[in-house]
Every structure is written in C-alpha cells, then in structure tokens.
Amino acid sequence: MILETIEKENDIKNVSPEDWNLLAEEIREFLINKISVTGGHLGSNLGAVELTMALHLSLNLPQDKIVWDVGHQSYTHKLLTGRRSGFEHLRKYGGMSGFPKRKESECDCFDTGHSSTSISAGLGLVKARDLRDEEHTIVSVIGDGSLTGGMAYEALNNASRLKKNFIIILNDNNMSISENVGGVSKYLNNIRTADKYLDMKEGIYNSLMESKLGEPIVTSIRRAKSSVKQLVIPGMFFEDMGITYLGPVDGHNINAMMKVFREAKRCKSAVLIHVITQKGKGFAPAEKHPARFHGAEPFDVETGLPLTPKTKSSYTDVFSTVMCKLGDRYDDIVAITAAMPDGTGLKRFRNLYPERFFDVGIAEEHAVTFAAGLAAGGLRPVVAIYSSFLQRAYDQILHDVCIQNLSVVFAIDRAGLVGSDGETHQGIFDLSYLSSIPNMHIMAPKNKWELSDMLKFAVAFQGPIALRYPRGEAYDGLREYREPICFGKAEWIYHEENIVLVAVGSMIKTALTVRENLIQKGFTCSIINARFVKPIDTEILKDAVKDHTLIVTMEENVASGGFGEKVRDFLDENVPEVKLITIHIPDEYVEHGNVEILRQEVGIDAETIGRKILASI
C-alpha cells in the first residue's frame with residue numbers, strides 16, 4: 001500500500017504523480033474502515049481527500065501552516081503527517097483527537113473545533129510571520145457552511161488590507177452539517193453553475209495562448225484581477241472587497257489544485273481559492289445522506305447502517321415531539337436553529353410549519369438577536385442550539401434578550417459531557433455563563449417526561465428562560481414523580497434524613513445509584529430534584545437542613561458559577577453550620593473519550609461521589 005510508505009510530513013512528495021489517485025482511494029478506504037469502528041466525522045473527510053493531498057504536495061510542513069476551520073475534515077491531514085496508527089483509538093479516551101491539536105503534532109498549528117474561526121486565526125499567523133520577518137505560507141481552509149458565520153466576514157474585511165500573501169481556501173460542498181441556507185449559499189451556487197463564464201474564460205485563455213503575444217496579455221489580465229470575471233459573475237463579492245478570487249476549481253483534481261495553489265502563492269495580498277468538493281465522496285451511503293454521515297456512529301461498511309440501532313428515544317427526540325405538538329396548539333410559536341435542524345430535532349417542526357421555522361446558518365449570534373426581534377414583535381421564539389455553540393452568543397443573550405427581559409426560550413441540547421468531540425464540544429459551562437446574566441432563568445429535567453413539562457412551562461413563561469438537557473438516551477425512570485412545574489421550585493424524590501442529595505437534571509439518575517449504595521452501607525439518604533438552577537429553591541434548602549446534617553449538590557457543570565456555588569453562598573449566609581459537599585466538574589477543559597470514562601475521570605460518577613460522602617461522615 002502506498003499509504004503505508006507515508007510515515008511523516010512531506011513523505012507524500014515521494015509518491016509518483018501517477019499514483020496520486022490510487023493513494024486517494026487508499027485513504028478513503030482506510031477512513032471508511034476505521035471510522036466504521038470508532039465513529040467520527042466521515043462525510044467531510046471523504047470530500048477533502050484530494051484537497052488535503054494537493055495542499056501537502058504544494059506546501060512544506062510544518063514550516064508552512066494550515067488552519068482547518070472547525071477541523072473535523074483534518075483526518076487526511078493527520079494521515080499525511082504520520083499519525084496513521086492513531087486512528088486505532090480515534091476520539092477515544094487517551095487517544096487521538098478528531099480535531100487538530102497543537103500538542104499532538106507540530107503540523108497542527110492551531111486548535112479548532114467551532115466554525116468560522118480559521119480566517120481570523122490565519123490572519124494572526126500571517127501578521128506574526130511578517131512582524132518576525134519570516135518567509136512561509138499560511139493557508140486557512142474554510143467550508144461554505146462556516147462562511148455563513150459573521151466572524152468569517154470580520155476576518156475577510158481585515159484580510160482585504162493585506163500587502164503580503166495569505167491563502168484562503170473555500171472548500172465548497174454545499175453543506176455545513178445540514179444543507180446550507182441563505183444568500184451566501186445562493187451566491188456560491190451562482191459561481192458553481194456559471195458555465196458560461198467558465199467556458200468563456202477557457203476559450204479566451206486558449207485563444208490568447210495560441211497567439212504570439214498571448215502570455216503577456218494573459219499576465220496583464222491577471223494583474224487587472226480578471227475584469228472579465230467582473231462582467232460575467234454578478235457582484236464578485238470577494239474581488240470587490242479587495243481579495244483576489246481564483247476558481248472555481250475541481251476539488252478532486254489534484255493537478256488542477258496544485259496549479260492554482262502555485263498561482264496563489266505569487267499573490268502579494270489575500271487570495272481566496274474556490275474549491276468545489278463532494279461531501280462523502282467515494283462512499284455511496286455518505287454521498288446519498290451527507291448529513292447522516294457528518295458525525296457518524298460506528299456503522300456497517302456494506303450498508304452504511306449503524307451497528308447499534310437506536311431503540312429508545314433521546315432527549316432531542318422528546319424535544320422534537322413536544323415542539324411539534326406546541327406548534328399545532330399555538331400559532332405564535334416559532335423555532336430557530338443555527339444550521340442544525342437535524343441535530344436539534346427541529347426537522348419535523350420545519351416540515352410541519354415551514355413558515356415558522358428559521359435556519360439562520362452557522363450564526364449563533366444572529367440566531368439569538370433574531371429571536372429577540374421575534375419576541376419583541378409578539379411571537380414566542382424557541383432557539384435550539386447545542387450548549388458549546390450557544391456560548392458563542394453570550395453578548396446577544398445578555399444585551400439583546402435579557403436586558404429587555406424578552407420571552408425567548410433557549411433549548412440547550414448536548415448539555416454536560418458529550419464525549420468523543422472533546423474540549424471544544426463539552427457542554428459544561430452553560431450553567432455558569434447563563435447564571436451570570438440578570439433576568440435569565442434556567443431549568444434542567446430529571447427525565448423525558450419532565451423535559452416535556454418544562455418545555456410547555458417555558459413557552460408560557462414571561463421572560464428569558466433556558467432549558468438544558470443532555471445528549472443521548474432520555475432517562476425514563478421516576479415517571480411517578482411528576483409534580484407540576486412551579487417557578488423556582490424543586491421537588492422531593494425521597495425525603496428521609498441525615499444525607500440529602502440535591503441533583504441537577506441528568507445527575508438525578510446518578511443520585512439514585514448513590515442513594516442505593518449508601519442504603520446498603522446502613523445510611524439513610526434523601527434526594528431533591530433541583531429542577532431550577534436559577535433561581536435556586538431556597539425554601540426547600542431551609543426545609544432540608546432541619547433533618548439533614550449533610551447536603552450534597554450534584555451537577556454536570558464546572559464548579560465556578562455553577563449550582564453548587566449558589567447553594568454554598570446561600571448556606572454560608574443563612575445556615576453556616578450545615579456541612580456541604582459540591583459534586584461538579586473541575587474548572588478545566590475535559591478531553592475526548594467515552595462519557596462514562598470521563599465521568600469517572602472528573603469525579604461525578606456514583607462510586608466516586610459515594611466515596612467522598614463516606615469520607616466526610
């Protein structure tokens with residue numbers, strides 16, 4: 001195998017050009033086989049194989065730098081920099097990350113995980129290079145989905161002033177996670193389909209090159225930024241901004257890309273190369289269902305079907321079902337998502353009520369302020385965004401929603417530890433950053449029925465309110481405990497004495513196991529379902545200290561700004577003699593790995609909690 005000859009960066013340059021296509025096939029086969037076992041981002045990586053090969057053939061790593069936007073398309077890059085063996089433990093605890101990591105390789109120049117950041121980071125690297133009077137090439141690779149994020153345009157605005165080389169590659173596969181939406185997608189589609197322009201450009205080029213003065217004329221046209229392009233393609237957004245535009249070029253033609261890359265490296269300015277790729281290329285199921293194979297669970301290679309079919313509903317499924325029912329009941333409920341109708345469960349709502357569904361693209365900041373405008377206009381907006389992505393819109397939540405006390409519901413999916421995607425995707429900060437904002441209110445359900453009840457409560461609530469729930473299978477225990485949701489009120493699950501566990505959301509299930517273990521050791525133990533993280537139920541805490549000597553708070557959030565901190569502040573001020581243990585995630589970033597392993601590692605599993613309690617008694 002040719003792939004086995006690549007043991008470190010730049011080894012690809014020893015591969016004969018006649019074997020490039022064969023190597024691409026081997027890489028695809030390798031990725032399909034490995035990701036079918038470990039899970040991971042398949043579609044984006046299959047689409048970027050030749051693009052990555054062309055970059056590695058054209059650059060000299062690690063001196064030259066590649067910044068991968070989001071970074072879930074960097075698997076081929078990892079293969080070509082000598083990390084083939086790492087795929088045995090891809091995204092597993094202690095194994096190789098599914099995203100670029102500087103600590104993993106010198107060839108990963110910038111850590112990424114969220115979208116629309118690569119041009120800003122690349123521009124910073126360019127300025128650092130120039131101020132240090134160095135000579136190397138900086139390339140930022142950004143997808144068309146990421147180009148819907150406002151930060152990308154802030155960076156383009158500044159890159160347009162450059163007088164030194166900076167290469168931006170637009171990897172255009174007409175997809176983010178789901179299909180792209182909006183004006184940017186329409187604009188790029190016009191370029192993709194501008195056959196008349198491409199045919200005319202090729203015809204003029206061929207005619208000129210056949211004449212004696214052809215080459216000087218072609219050079220002059222290029223220096224003039226291809227004014228023909230200005231006439232034929234409306235807008236020429238990038239050129240008008242001052243960024244040289246090259247393309248479109250076939251993202252699966254290595255020779256064509258290398259030719260354009262050589263031309264781009266000569267530019268004394270920022271240059272954008274528009275590369276057209278196919279998401280999921282080379283694997284029929286991924287080509288047919290690119291959204292499904294964006295982040296794939298382990299699957300059967302022959303059929304593309306998951307190895308472990310889903311048997312129980314997830315919290316996302318429950319949210320989806322209740323949203324559809326509420327949409328039928330109330331015609332003023334609207335739903336907003338940031339490029340994730342499938343992931344957030346809003347696809348069904350979109351199908352039933354398309355005029356009340358809004359996918360704003362990868363633009364969380366816009367999603368939140370847009371929702372504020374909808375609320376100010378008399379509607380009831382529900383914004384469904386993953387926890388780790390909602391933090392990108394902190395200012396908009398504070399400034400545009402909460403200052404005005406607008407009735408916006410934040411449905412926060414993937415709250416808590418999410419596992420294999422690691423630091424950039426763990427939803428362990430939302431209780432902290434939301435709790436810091438006046439007028440914000442926060443709930444967390446103990447099971448799937450409480451999620452339903454809380455969502456119904458939230459859409460009727462006056463003011464900003466957040467509902468956070470974890471990834472994966474919805475807990476279906478404790479169905480008999482279904483007291484009506486009352487603002488700011490917790491509920492007793494078991495009311496005994498001595499030890500009381502006050503658990504938030506997903507930690508209720510863990511609390512039940514902790515209680516069982518303590519009972520086996522001869523202790524009595526109560527459980528309180530917190531329900532509300534802001535405001536906390538101070539009355540139930542006052543009640544609890546009457547017949548309990550130890551209070552244990554349990555949350556899947558970092559310590560700073562979390563639920564335990566709020567309970568501690570209240571008890572220190574009102575009942576300082578009571579003993580308190582706060583169970584939380586340490587104030588640090590949590591790496592990738594199986595969620596159960598991570599829970600043990602950070603100390604929020606039942607056994608660790610039990611040991612802490614016994615040690616304090």
Side-chain angles (χ1 to χ4, degrees), residues 113-114 315 364-365 368 383-403 408-419 421-446 454 458 463-471 488 490 502-508 510 529-538 541 551-573 580-591 595 598-599 601-604 609:
H114 288 183
Y315 282 101
E364 291 83 4
E365 300 95 327
V368 171
V383 184
I385 297 176
Y386 291 3
S387 172
S388 66
F389 300 151
L390 184 63
Q391 65 200 29
R392 294 158 66 92
Y394 179 83
D395 181 63
Q396 288 71 24
I397 298 170
L398 186 156
H399 183 271
D400 299 325
V401 175
C402 290
I403 285 180
V408 176
V409 177
F410 294 94
I412 308 175
D413 204 332
R414 271 56 167 185
L417 295 169
V418 297
D421 285 335
E423 300 104 318
T424 56
H425 286 63
Q426 311 287 13
I428 59 176
F429 303 103
D430 53 86
L431 295 184
S432 302
Y433 67 75
L434 291 174
S435 292
S436 68
I437 305 176
N439 289 339
M440 177 56 77
H441 311 90
I442 310 167
M443 300 184 293
K446 66 177 179 291
M454 285 183 171
I465 189 163
L467 174 57
R468 58 112 64 176
Y469 45 94
R471 179 183 188 179
V502 189
V504 174
S506 62
M507 293 301 291
I508 281 288
T510 305
N529 171 27
R531 282 189 165 178
F532 282 82
V533 174
K534 185 181 180 186
I536 63 171
D537 187 347
T538 56
L541 291 174
I551 294 178
V552 182
T553 62
M554 299 170 59
E555 62 187 305
E556 204 167 339
N557 191 82
V558 294
S560 181
F563 177 73
E565 190 175 86
K566 291 172 176 54
V567 172
R568 183 181 296 282
D569 289 345
F570 172 77
L571 293 177
D572 284 349
E573 189 173 330
L580 173 69
I581 296 175
T582 58
I583 302 298
H584 47 70
I585 295 171
D587 289 330
E588 58 189 39
Y589 299 108
V590 180
E591 294 195 11
V595 170
L598 294 179
R599 288 168 67 87
E601 186 68 18
V602 300
I604 63 169
I609 295 170

Exercise: identify the closest heavy-atom pair between [X] and [Y]:
| X | Y | result |
| --- | --- | --- |
| Ser387 | Tyr433 | O-OH, 3.0 Å |
| Glu556 | Ile604 | CG-CD1, 3.7 Å |
| Gly419 | Leu598 | CA-CD1, 3.9 Å |
| Leu580 | Gly564 | CD2-O, 4.4 Å |
| His425 | Val418 | O-CG2, 3.2 Å |
| His584 | Val558 | CB-C, 4.4 Å |

inquiry  = Please evaluate residues Asp413 and Tyr469 with respect to the criterion side chain to side chain contact (heavy atoms under 4.5 Å, CB included), reporting the C-alpha separation (whole Å), side-chain torsions for both, the decisive distance (0.1 Å), and the verdict.
reply    = CA-CA 5 Å; Asp413 204 332; Tyr469 45 94; 3.6 Å; yes
Does a side-chain heavy-atom distance below 4.5 Å link [X] with [Y]?
| X | Y | answer |
| --- | --- | --- |
| Pro535 | His441 | yes |
| Ile397 | Cys402 | yes |
| Ile412 | Leu434 | yes |
| Val368 | Asp400 | no |
| Phe410 | Met440 | yes |
| Gln426 | Glu591 | no |
| Phe389 | His114 | yes |
| Phe563 | Ile536 | yes |

Separation between [atom1] of [X] and [atom2] of [Y], rounded to the nearest 0.5 Å:
| X | Y | atom1 | atom2 | answer |
| --- | --- | --- | --- | --- |
| Ile585 | Arg599 | CD1 | CZ | 8.5 Å |
| Lys566 | Thr538 | NZ | OG1 | 14.0 Å |
| Ile583 | Asn557 | CD1 | CG | 14.0 Å |
| Asp421 | Arg414 | CG | CZ | 9.5 Å |
| Lys446 | Asn529 | NZ | CG | 5.0 Å |
| Thr553 | Met507 | OG1 | CE | 9.5 Å |

task = Using distance alone, with no hydrogens and no angle criterion, decide if Asp587 and Ser560 have a side-chain donor and acceptor under 3.5 Å apart.
result = no
key: From CA spacing to verdict: side chain to side chain contact (heavy atoms under 4.5 Å, CB included), Ile403, Asn439   = CA-CA 7 Å; Ile403 285 180; Asn439 289 339; over 6 Å; no
inquiry  = Apply side chain to side chain contact (heavy atoms under 4.5 Å, CB included) to residues Leu417 and Val602 and explain how you reach the verdict.
reply    = CA-CA 10 Å; Leu417 295 169; Val602 300; 4.3 Å; yes
ask   = Which of these, Arg392, Arg468, Lys534, sits in a salt bridge (charged side-chain N to carboxylate O under 4.0 Å, His left out) with Asp430?
value = Arg468
request  = Apply side chain to side chain contact (heavy atoms under 4.5 Å, CB included) to the pair Met454 and Arg531, showing each step before the final yes or no.
outcome  = CA-CA 9 Å; Met454 285 183 171; Arg531 282 189 165 178; 3.9 Å; yes
